[in-house]
2 protein chains.
Amino acid sequence: MPARGDHDARRREVSEAVWRVLARDGFGGLTLRAVAAEMGASTGLLTHYFPTKRALVRHALEITQERTVIRNRRAGVADGLAALRSALLDVLPLTPRATAMNRVWVSFWDAALADPELGASEAARYARWRAKLRPHVEAAQRLGELPAKADPDDIVTITAAFTHGLVVQALFDPDRFPPARQTSLLEQFLAGLPTHPAIGD
Amino acid sequence: MPARGDHDARRREVSEAVWRVLARDGFGGLTLRAVAAEMGASTGLLTHYFPTKRALVRHALEITQERTVIRNRRAGVADGLAALRSALLDVLPLTPRATAMNRVWVSFWDAALADPELGASEAARYARWRAKLRPHVEAAQRLGELPAKADPDDIVTITAAFTHGLVVQALFDPDRFPPARQTSLLEQFLAGLPTHPAIGD
DNA sequence: TGACGTACATAACAAACGTTTGGTACGTAC
DNA sequence: GTACGTACCAAACGTTTGTTATGTACGTCA
């Protein structure tokens, strides 16, 4: 029986159960009963803390995003291209934890494509991700690791595209994309980056 | 009332209705009643041609793949890097039709991640896509457009990753990614490709 | 013309869904 | 001790789901 003030903690517990069900069964398998069973509780508990399933899902995704932010903060030691590499390595499904995280997001895309509100929140998440990568690209430009005349937004977008595209391929074929292969592909991609903006020259 | 022998044609009609519902409402909104309403029929018609929903979905996805193959065949005029560019342009959501196609596939990822059988078929689809791109990369290597010593599989995988990653970003933020921006980003990516394999030198 | 299989519509089915309701246990306030 | 709000559980609500059963219209073959 949680003491007074544990309300938010309980909500977080519920959200983590949501997250676990989502990673295992996808969005199509996310039901209130499955979440309740996951945490050994009843559906009454869920509706006590969240008025509707939609609110529950929204909160669970906010929690996940928050967790991502925390993780990225840890990697803020390097600079320029090295920092970019580090940030991308954090996203790739190199560990079971990162794999689960990516499964949740990719599953979420189904609901996000069909629901305008969720779709907008996903677009915003992409914008935040690019905004987080951009300083590293700009630092790399200042350090001479990337051409200064290139549009940093384009570089960031291309990099994000490559990374998520690799995420999806790796999720569906883990045998073909073990961690070593993923990092190797990322390295090859990064090696080609300096030439991309040559078009504008 | 279709004449004898129209059985397969009717199945295709049903599959196209499935495809339309999928593009509009995603996998989560795909119900037999929605499909029936989409083609102005009853659920009895659906079960008459497909024993189960699963079979219906499977056939619909096969149809979509077949359509993709047909479309790619049309673009087999160029060679090398130009052919690669053409094949990638065919995938990007530059038209409403291509947008719908991509929405279906991205939505499908939710179900495919949760269901091993569907996941395997998606992995196979990726393998087929890469196999279709590889000849163009190898031709580009023979033509001197790409370094001959590079591993064509790596180049193909990186290229597929970038393309699908761009697809997802464009689906969620069409305003930020109009056709011109997508093609520009693809062009910048392709310009950087020749340097990628420099790592092996 | 009658028998028969195909091509559906209509309607019912049990199961599962999100949500609501009623009740119990318990800490806190007075 | 009584009153009260919080924290749940258990059960039921009406709806929607995939699936099945029943019935009918129609072309085909004998």
Short side-chain N/O contact to C/dA7 OP1/OP2 from B/His48, under 4.0 Å: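 It does, given that an N or O in the side chain of B/His48 lies less than 4.0 Å from OP1 or OP2 of C/dA7.
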
Contact under 4.0 Å: A/Arg10 side-chain N or O vs D/dC8 OP1/OP2: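 For D/dC8, OP1 or OP2 has a side-chain N or O of A/Arg10 closer than 4.0 Å.
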
Flag for A/Arg176-A/Gln169: side-chain donor and acceptor within less than 3.5 Å: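 Side-chain D/A pair, A/Gln169 to A/Arg176: absent.
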
Candidate pair A/Leu45 and A/Met39, rule side-chain contact (heavy atoms from CB on, under 4.5 Å), full reasoning: CA-CA 10 Å; A/Leu45 182 147; A/Met39 60 186 297; 4.1 Å; yes

Sugar-phosphate only, base, or nothing, as touched by A/Thr52 at under 4.0 Å among non-hydrogen atoms: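 Touches sugar-phosphate only.
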
Non-neighbouring partners of A/Trp105 that pass ring-ring contact (aromatic ring centres under 6.0 Å, His included), sequence neighbours left out: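 Partners of A/Trp105 by the ring-ring contact (aromatic ring centres under 6.0 Å, His included) criterion, ordered by chain and then number, come out as A/Phe108.
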
Interface with DNA chain C, restricted to residues 16-42 of chain B and to heavy atoms under 4.0 Å: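 Contacting residues: B/Arg33, B/Ala41, B/Ser42.
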
Parallel, tilted or perpendicular, as decided by the 30° and 60° cut-offs, for the rings of A/His164 and A/Trp109: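 Rings of A/Trp109 and A/His164: perpendicular, over 60°.
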
Can you check the [X] [atom1] to [N] [atom2] distance for me, whole Å?
| X | N | atom1 | atom2 | answer |
| --- | --- | --- | --- | --- |
| B/Asp8 | C/dA7 | CG | P | 11 Å |
| A/His7 | C/dG27 | NE2 | P | 19 Å |
| A/Lys53 | C/dT20 | NZ | C1' | 17 Å |
| A/Leu45 | D/dA11 | CG | P | 17 Å |
| B/Leu46 | C/dC8 | CG | C1' | 11 Å |

Any pair counted as salt bridge (charged side-chain N to carboxylate O under 4.0 Å, His left out), so long as it reaches residues 28-46 of chain B, sequence neighbours left out: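 Those involving residues 28-46 of chain B are B/Arg20-B/Glu38, B/Arg24-B/Glu38.
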
Centroid separation B/Phe162 to A/Phe162 less than 6.0 Å: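 Centroid distance B/Phe162-A/Phe162: not below 6.0 Å, so no.
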
Selected nucleotide, minimal atom distance to B/Thr47 side chain, candidates D/dC8, C/dT20, D/dT19: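 So the side chain of B/Thr47 is nearest to D/dT19.
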
